[in-house]
Structure formats: C-alpha cells, structure tokens
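Remember, it's a predicted structure, so these values are computed and weren't measured experimentally.
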Amino acid sequence: KKDKQIIDLGGYFYDIVNGRKIASRDKVIRLILSMRLTTDDCQEALRISGRSALYPKVQRDALLIYGIENRYTVDETNQLLSAHGEDTLR
C-alpha cells in the first residue's frame, strides 16, 4: 500500500511540474515534504509550477526550509509553523 501511495504522489507531482495540474504553493510544499525531497528539489518544483521560491528572510519560508532540511512530516511542519504563529500548510 505504501508503494502505491508513493507512486500516486509521484504521478501527481509529475503532473504538477509538467503543467498538467495546477497546485497552490502550499500543495507543492506538502508534496515535497511527503516525498522527502530536498530544498533544491522544492525550489525547482516551485519555479516550474510558477510559484514563488522559498525565501529564507521570510519567517514562514525559513520554517518551511527548516522542516524540509530536517525531513519533517507535513504534520510536524504544521506544528512548527503554528508554534511560531505562522499559517499552517493548506
């Protein structure tokens, strides 16, 4: 079942970066976290999908980068964001 979920996530991610599906910036970041990809992968996926890059001088983005770099889950990242008074990933 887990392999199927990974394949499904990968297919959805592929559709986003190839312009077949439109996803919000938060959705792209959620996928990156779920797939355990790198910050560089995230920046590239955001660029390809037409979304703004993560900018470390923005507190929310810095927290997202921290979550990605430390392999946080979506839930762990949302807890981190919430603890710092930032909007959670939608």
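- Annotation: the span from M35 atom CE to C42 atom SG amounts to 11.5 Å, rounded to 0.5 Å.
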Test side-chain contact (heavy atoms from CB on, under 4.5 Å) applied to L46 and I32, step by step:
CA-CA 10 Å; L46 289 168; I32 293 294; over 6 Å; no
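- Atom CG of L63 is separated from atom CG of L81 by 5.5 Å, given to the nearest 0.5 angstrom.
- Here the straight-line distance linking atom CG of L33 with atom CG of D26 works out to 10.0 Å at 0.5 Å rounding.
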Could you go through E86 and V58, starting from their C-alpha distance and side-chain angles, then the distance that decides it, and tell me whether this counts as side-chain contact (heavy atoms from CB on, under 4.5 Å)?
CA-CA 11 Å; E86 296 293 336; V58 174; over 6 Å; no
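- Here the straight-line distance linking atom CD1 of I65 with atom CZ of R60 works out to 12.0 Å at 0.5 Å rounding.
- Nearest heavy atom pair, residue A62 against residue P56, reads CB-O, 3.4 Å.
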Determine whether N78 and R30 satisfy the following criterion, side-chain contact (heavy atoms from CB on, under 4.5 Å), listing intermediate values before the conclusion.
CA-CA 10 Å; N78 277 336; R30 289 174 70 93; 4.0 Å; yes
Are I68 and T38 close enough, and set up right, to give a side-chain contact (heavy atoms from CB on, under 4.5 Å), and what steps lead you there?
CA-CA 6 Å; I68 293 166; T38 67; 5.6 Å; no
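- With hydrogens and angles ignored, the 3.5 Å screen pairs a side-chain donor or acceptor of R51 with a backbone N or O of A23.
- Looking only at distances, a side-chain donor or acceptor of R36 sits under 3.5 Å from a matching main-chain atom of R71.
- Judged by distance alone, the side chain of D61 and the main-chain N or O of L54 form no donor-acceptor pair under 3.5 Å.
- Taking each heavy atom of G67 and T77 in turn, the nearest pair found is CA-OG1, 4.2 Å.
- Note: L31 CG to L37 CG = 9.0 Å, rounded to the nearest 0.5 Å.
- Here the CG-CD distance, from D40 to Q43, works out to 7.5 Å after rounding to the nearest 0.5 Å.
- Under a hydrophobic-cluster definition in which Ile, Leu, Val, Met, Phe, Trp and Tyr are linked whenever side-chain heavy atoms come within less than 4.5 Å, directly or via other members, I29 and Y55 are assigned to different clusters.
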